[in-house]
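Notes for the one structure printed next.
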Amino acid sequence: MKTPLNENIPFLRSMVTCLSKVVNDGYSEDFKATSGGLRSVSTNKLYTPDQVRVVNFFRFEGFSDPDDNAVLYVIETNDGVKGTLIDAYGAYADPLVYKFLLDVESAGRQTVVH
């Protein structure tokens with residue numbers, strides 16, 4: 001029987017431990033999707049899709065509630081800011097996050113991690 005990935009990589013077991021790991025890796029900025037672009041929470045600087053690269057993403061499902069789903073995006077900007085963007089996925093996903101990430105993908109800035 002094959003061991004699940006999250007058993008081999010302990011930080012993937014929960015959103016909290018994964019977020020802690022990426023913050024420790026230098027992705028400490030919090031981002032928020034807005035109608036004007038991706039906003040740095042600490043500086044209020046706005047980034048356009050061509051200024052952002054999605055380095056990785058992690059999806060999490062709630063243990064007791066199947067509607068408790070979230071995704072953590074690991075992001076780098078063209079000026080060297082590294083951070084995260086968290087969203088629900090499925091029915092509760094934020095349409096601004098979805099649109100922004102589609103625009104990032106269209107700009108060719110999304111890194112696919114296998």
Side-chain angles (χ1 to χ4, degrees):
M1 185 169 147
K2 189 174 180 178
T3 304
L5 178 63
N6 63 351
E7 295 298 322
N8 293 327
I9 306 173
F11 73 86
L12 289 179
R13 290 186 183 162
S14 74
M15 170 74 82
V16 172
T17 56
C18 189
L19 182 59
S20 177
K21 168 78 168 104
V22 298
V23 167
N24 286 338
D25 288 346
Y27 294 87
S28 56
E29 182 58 58
D30 293 320
F31 291 108
K32 178 173 177 52
T34 69
S35 59
L38 191 68
R39 183 175 58 85
S40 162
V41 172
S42 67
T43 67
N44 281 326
K45 181 172 181 177
L46 280 176
Y47 294 93
T48 60
D50 63 322
Q51 296 175 311
V52 171
R53 183 169 67 102
V54 177
V55 176
N56 208 339
F57 67 93
F58 304 93
R59 287 175 46 163
F60 299 92
E61 294 183 13
F63 291 109
S64 61
D65 183 355
D67 288 333
D68 186 17
N69 300 312
V71 61
L72 168 67
Y73 296 97
V74 182
I75 294 173
E76 293 180 4
T77 66
N78 65 340
D79 61 356
V81 177
K82 296 179 177 181
T84 58
L85 173 65
I86 298 173
D87 190 22
Y89 70 86
Y92 301 106
D94 182 339
L96 291 174
V97 171
Y98 179 75
K99 182 185 180 324
F100 187 82
L101 291 174
L102 280 179
D103 293 345
V104 169
E105 187 175 12
S106 294
R109 301 286 295 157
Q110 187 168 8
T111 300
V112 178
V113 178
H114 297 280

Answer with yes or no whether the hydrophobic clustering places F100 together with L96; edges join I, L, V, M, F, W, Y residues whose side-chain heavy atoms lie under 4.5 Å apart. no

Are V55 and V23 linked, directly or through other ILVMFWY residues, by side chains that come within less than 4.5 angstrom of each other? yes

Which residues pass the side chain to side chain contact (heavy atoms under 4.5 Å, CB included) test with [X], not counting sequence neighbours?
| X | result |
| --- | --- |
| T48 | D50, Q51 |
| L72 | M15, C18, L19, V22, F58, F60, T84, I86 |
| D79 | K45, Y47, T77, V81 |

Other than Y98, which residues form its hydrophobic cluster under the rule that side-chain heavy atoms must be closer than 4.5 Å? L102

Any pair with a residue in residues 88-103 that passes salt bridge (Lys or Arg N to Asp or Glu O under 4.0 Å), sequence neighbours left out, goes on the list, sorted by first then second residue, please. K99-D103

Determine all donor-acceptor pairs shorter than 3.5 Å in which one atom belongs to a side chain in residues 26-33; sequence neighbours excluded.
from, atom 1, to, atom 2, distance (Å)
Y27, OH, E76, OE2, 2.5
E29, OE1, S40, OG, 3.4
E29, OE1, S42, OG, 2.6
E29, OE2, S40, OG, 3.2
E29, OE2, V41, N, 3.3
E29, OE2, S42, N, 3.1
E29, OE2, S42, OG, 3.3

Which residues share a side chain to side chain donor-acceptor pair (under 3.5 Å) with [X], sequence neighbours left out:
| X | value |
| --- | --- |
| D25 | K21 |
| N44 | R39 |
| S35 | none |
| K82 | none |

Could you pull out all residues at least two apart from D87 that satisfy salt bridge (charged side-chain N to carboxylate O under 4.0 Å, His left out)? none

